[in-house]
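Both ligands and their constituent atoms are indexed starting at 1 by order of listing. All residue numbers in this chain count up from 1 along the given sequence. Since we're looking at a predicted model, the values are computed, not measured. Note that these values count all heavy atoms, side chains included, but never hydrogens, waters or copies made by symmetry.
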Amino acid sequence: MPFEVAALDLRGRVVRLGSAIDQILERHAYPAPVAKLLGEAVVLTVMLGSALKIDGRLILQTQSDGPVRMLVVDFMAPDKVRACARFDKNRVAAAVAAGKSAGGDMLGAGHLAMTIDQGSDMNRYQGLVALNGGGLEEAAHEYFLRSEQIPTRVRLAVAEELRAGNGSGASHRWRAGGILLQFLPKAPERARVADLDPGDAPEGVPPHEIPEDDAWVEGRALIDTVEDVELIDPALSSERLVYRLFHERGVRVFRGADVRAECSCSRDNVEAMLKSFSQDDRDHMVENGEISVTCEFCSANYKFAPDEVGANQAAKA
Ligand SMILES: [Zn+2]
């Protein structure tokens, strides 16, 4: 749900995910810190992807040296999202045992890439930011500062909701949410941020002495008061949340959109992919007389007889 606080030149978006995030995380059954981190990445991707044109696509991908080696979130506008993670099980368990299961600890050092594809008539755009032990919120701030030069704050939250069970004990459900706030004044010189890299500051002016615009200072302070529970509580609507934050300044909300967990894989796609491999590669994929391919995003399994895709059944015993 997009919103605007005109008096402060602020715009933003609230994302709340219930069944969509539960379907994605439940299907993967990753360890909790990995699920939580992937959930945050999904919220961030939906937050940015929902501003795209109708046939746009946004792919967020991390690659780093922490226990979670890779996160991929693929948002297909207007409403489809899929996501998966690659991680080292033993390192995740060790990090949890050592009390280091925050997003930044899980990611370690590496980079985060944001690829935006707005359809065939426009160029693909890729923004890259370094990951240095911080979490995804920090990476998002860095991304907006470096790639788009817009003062931005992002809050992300993911949690498991416990629900009373029907005889067989309590069950869990994942919920996720987030809020994005951006400062977009008409006069661009107002959009300065205090934590700019020293190299970006005008000559002779130490960066910490550049005062931020009062409107942005106020907006930022308000966003910093948002608690995780406010982002995921199903009883608190997005409208109520932004009203709670900005009612003194006047806030306008726009129509929100639904998001679904849906994968774009299909038997035809997998078949075409297999046919693009060399004969030798295909022959090596035959196991127990068939080729089995599992989609990493949605765990759908596709089985092919070797001759369906041109493999030689006898190649591998
Ligand atoms: Zn799939």
Side-chain angles (χ1 to χ4, degrees), residues 15 17-50 52-63 68-89 92 106 112-120 124 126 136 158 160 172-176 257-277 281-282 284-306 308-311:
V15 172
L17 301 173
S19 62
I21 197 68
D22 190 50
Q23 276 176 43
I24 292 172
L25 298 181
E26 190 65 37
R27 219 179 263 153
H28 286 308
Y30 295 146
V34 179
K36 198 166 176 289
L37 186 61
L38 185 63
E40 289 179 4
V42 170
V43 174
L44 180 60
T45 309
V46 168
M47 209 174 244
L48 306 180
S50 55
L52 293 180
K53 284 202 327 189
I54 205 82
D55 58 347
R57 187 166 187 172
L58 189 146
I59 297 159
L60 175 151
Q61 183 165 352
T62 65
Q63 255 175 326
V68 175
R69 292 194 306 270
M70 193 174 90
L71 298 171
V72 184
V73 187
D74 182 5
F75 180 85
M76 293 148 277
D79 62 355
K80 288 188 206 117
V81 64
R82 58 180 188 165
C84 64
R86 282 192 195 156
F87 59 95
D88 182 320
K89 222 165 97 184
V92 169
M106 286 287 133
L112 177 149
M114 211 86 85
T115 307
I116 298 169
D117 193 340
Q118 296 256 53
S120 51
R124 275 165 77 96
Q126 194 173 50
L136 290 173
V158 179
E160 272 179 292
H172 294 260
R173 246 191 80 119
W174 287 99
R175 287 196 61 86
D258 290 332
V259 176
R260 296 179 288 146
E262 198 179 301
C263 195
S264 54
C265 70
S266 69
R267 191 174 171 83
D268 285 352
N269 285 346
V270 176
E271 188 175 328
M273 187 260 302
L274 288 173
K275 283 179 173 162
S276 75
F277 285 123
D281 284 343
R282 276 197 301 266
H284 280 88
M285 292 174 194
V286 180
E287 257 176 66
N288 302 320
E290 62 183 16
I291 294 179
S292 170
V293 177
T294 301
C295 174
E296 211 174 334
F297 284 106
C298 71
S299 309
N301 182 261
Y302 301 95
K303 288 187 187 352
F304 296 89
E308 260 184 289
V309 289

> With a cut-off of 2.8 Å, which protein N/O/S atoms are close to the Zn ion (ligand 1), if we only count those under it?
Replying inline: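 Cys263 SG, Cys265 SG, Cys295 SG, Cys298 SG, with waters left out.
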
Please give me the minimum heavy-atom distance between [X] and [Y], naming the atom from each residue.
X	Y	result
Tyr302	Cys265	OH-SG, 3.0 Å
Cys298	Arg27	O-CD, 3.2 Å
Arg173	Asp22	CA-OD1, 3.5 Å

> How many angstroms lie between CZ in Arg267 and CG in Asn301, if you round to the nearest 0.5 Å?
Replying inline: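 These two atoms lie 9.5 Å from each other.
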
> For residues 68-78, which residue pairs qualify under side chain to side chain donor-acceptor pair (under 3.5 Å), counting only residues two or more places apart or in two chains?
Replying inline: Arg57-Asp74, Asp74-Arg82

> When you look at CZ of Arg86, are more than 12 heavy atoms from neighbouring residues, nucleotides or ligands closer to it than 6.0 Å?
Replying inline: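 For Arg86, atom CZ is not crowded (no more than 12 foreign heavy atoms under 6.0 Å).
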
